[in-house]
S.K.: 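Supplied in structure tokens, the structure appears directly below.
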Amino acid sequence: MQRVILHCGMNNFYASVECMLNPGLKNKPVAVCGSVEERHGIVLAKNYAAKAFGVSTGEAIWQAKQKCQDLVIVEPHYEQYMKFSKAHVRL
């Protein structure tokens with residue numbers, strides 16, 4: 001039996017969950033970001049639409065907004081990410 005290692009890049013997972021929970025975000029550039037007030041104002045995750053504008057994980061929100069003026073900023077909902085990451089999906 002041959003061993004297979006699967007690596008899944010989940011960089012946009014948080015943004016995907018947010019878009020799934022809020023269909024109004026569909027096809028919009030979305031970034032899940034930390035709180036500016038708590039000095040954590042960085043991009044934690046972004047969807048493919050935001051990535052197309054050059055938005056990067058880890059950059060400051062102001063930098064991301066310079067690249068994409070229509071960027072929708074969403075606060076993180078970690079409990080939802082945990083729920084969906086633990087869900088069993090049948091493929």
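In this text the structure is predicted, and so the values were computed from the model without any measurement. Note that these values count all heavy atoms, side chains included, but never hydrogens, waters or copies made by symmetry.
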S.K.: Indicate the ring-plane relationship of Y78 and Y14, choosing parallel, tilted or perpendicular according to the 30° and 60° boundaries.
M.R.: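 Judged by the thresholds at 30° and 60°, the geometry between Y78 and Y14 is perpendicular.
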S.K.: Apply side-chain contact (heavy atoms from CB on, under 4.5 Å) to the pair K28 and C19, showing each step before the final yes or no.
M.R.: CA-CA 9 Å; K28 294 182 180 180; C19 290; over 6 Å; no
S.K.: What closest approach, in Å, do V17 and Q80 show between heavy atoms, and which atom pair accounts for it?
M.R.: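 For V17 versus Q80, the nearest heavy atoms are CG1-CB, 4.2 Å.
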S.K.: I'd like to know whether NZ of K83 has more than 12 heavy-atom contacts from other residues, nucleotides or ligands below 6.0 angstrom.
M.R.: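 Count not over threshold, so no.
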S.K.: Is it the case that over 12 heavy atoms from other parts of the model lie below 6.0 angstrom from the NZ atom of K65?
M.R.: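 Buried by this count: over 12 neighbours within 6.0 Å.
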S.K.: Under a single-linkage definition using a 4.5 Å side-chain heavy-atom cutoff for Ile, Leu, Val, Met, Phe, Trp and Tyr, are L21 and F13 assigned to the same hydrophobic cluster?
M.R.: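 They do share one cluster, since a chain of ILVMFWY contacts under 4.5 Å joins L21 to F13.
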S.K.: Should L25 and V74 be marked as a side-chain contact (heavy atoms from CB on, under 4.5 Å) after you check the CA-CA gap, both sets of side-chain angles, and the distance that decides it?
M.R.: CA-CA 10 Å; L25 297 176; V74 180; 4.2 Å; yes
S.K.: Looking only at non-hydrogen atoms, find the nearest pair between V55 and C68 and report the distance.
M.R.: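 Shortest heavy-atom separation between V55 and C68 comes out as CG2-CB, 4.2 Å.
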S.K.: Counting only heavy atoms not in E79, do more than 12 sit closer than 6.0 Å to its CD atom?
M.R.: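 Yes.
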S.K.: Would you say L44 and C33 make side-chain contact, with heavy atoms under 4.5 Å?
M.R.: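 No, their side chains stay 4.5 Å or more apart.
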S.K.: So L71 and F53, side-chain contact (heavy atoms from CB on, under 4.5 Å) or not? Walk me through it.
M.R.: CA-CA 9 Å; L71 185 65; F53 284 93; over 6 Å; no
S.K.: Under a 4.5 Å cut-off applied to non-hydrogen side-chain atoms, are E18 and Y81 in contact?
M.R.: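 When only atoms from C-beta onward are counted, Y81 and E18 do touch, with a gap below 4.5 Å.
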S.K.: For residues K46 and A15, report the shortest heavy-atom separation together with the two atoms involved.
M.R.: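 For K46 versus A15, the nearest heavy atoms are C-CB, 3.6 Å.
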S.K.: If we ignore hydrogens and angles and just use 3.5 Å, is the side chain of E59 paired with the main-chain N or O of S56 as donor and acceptor?
M.R.: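 It does hold such a pair.
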S.K.: What is the distance from atom CD1 of I42 to atom CD of Q63, rounded to the nearest 0.5 Å?
M.R.: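 I42 CD1 to Q63 CD: 10.5 Å, rounded to 0.5 Å.
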S.K.: When hydrophobic residues are tied together by side-chain contacts of less than 4.5 Å, even through go-betweens, does M20 share a cluster with V72?
M.R.: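 No; V72 is not reachable from M20 via cluster members.
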S.K.: Looking at every heavy atom in both P29 and N47, which two are closest together, and how far apart are they?
M.R.: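 Heavy atoms only, the tightest pair is CA-OD1, 3.7 Å.
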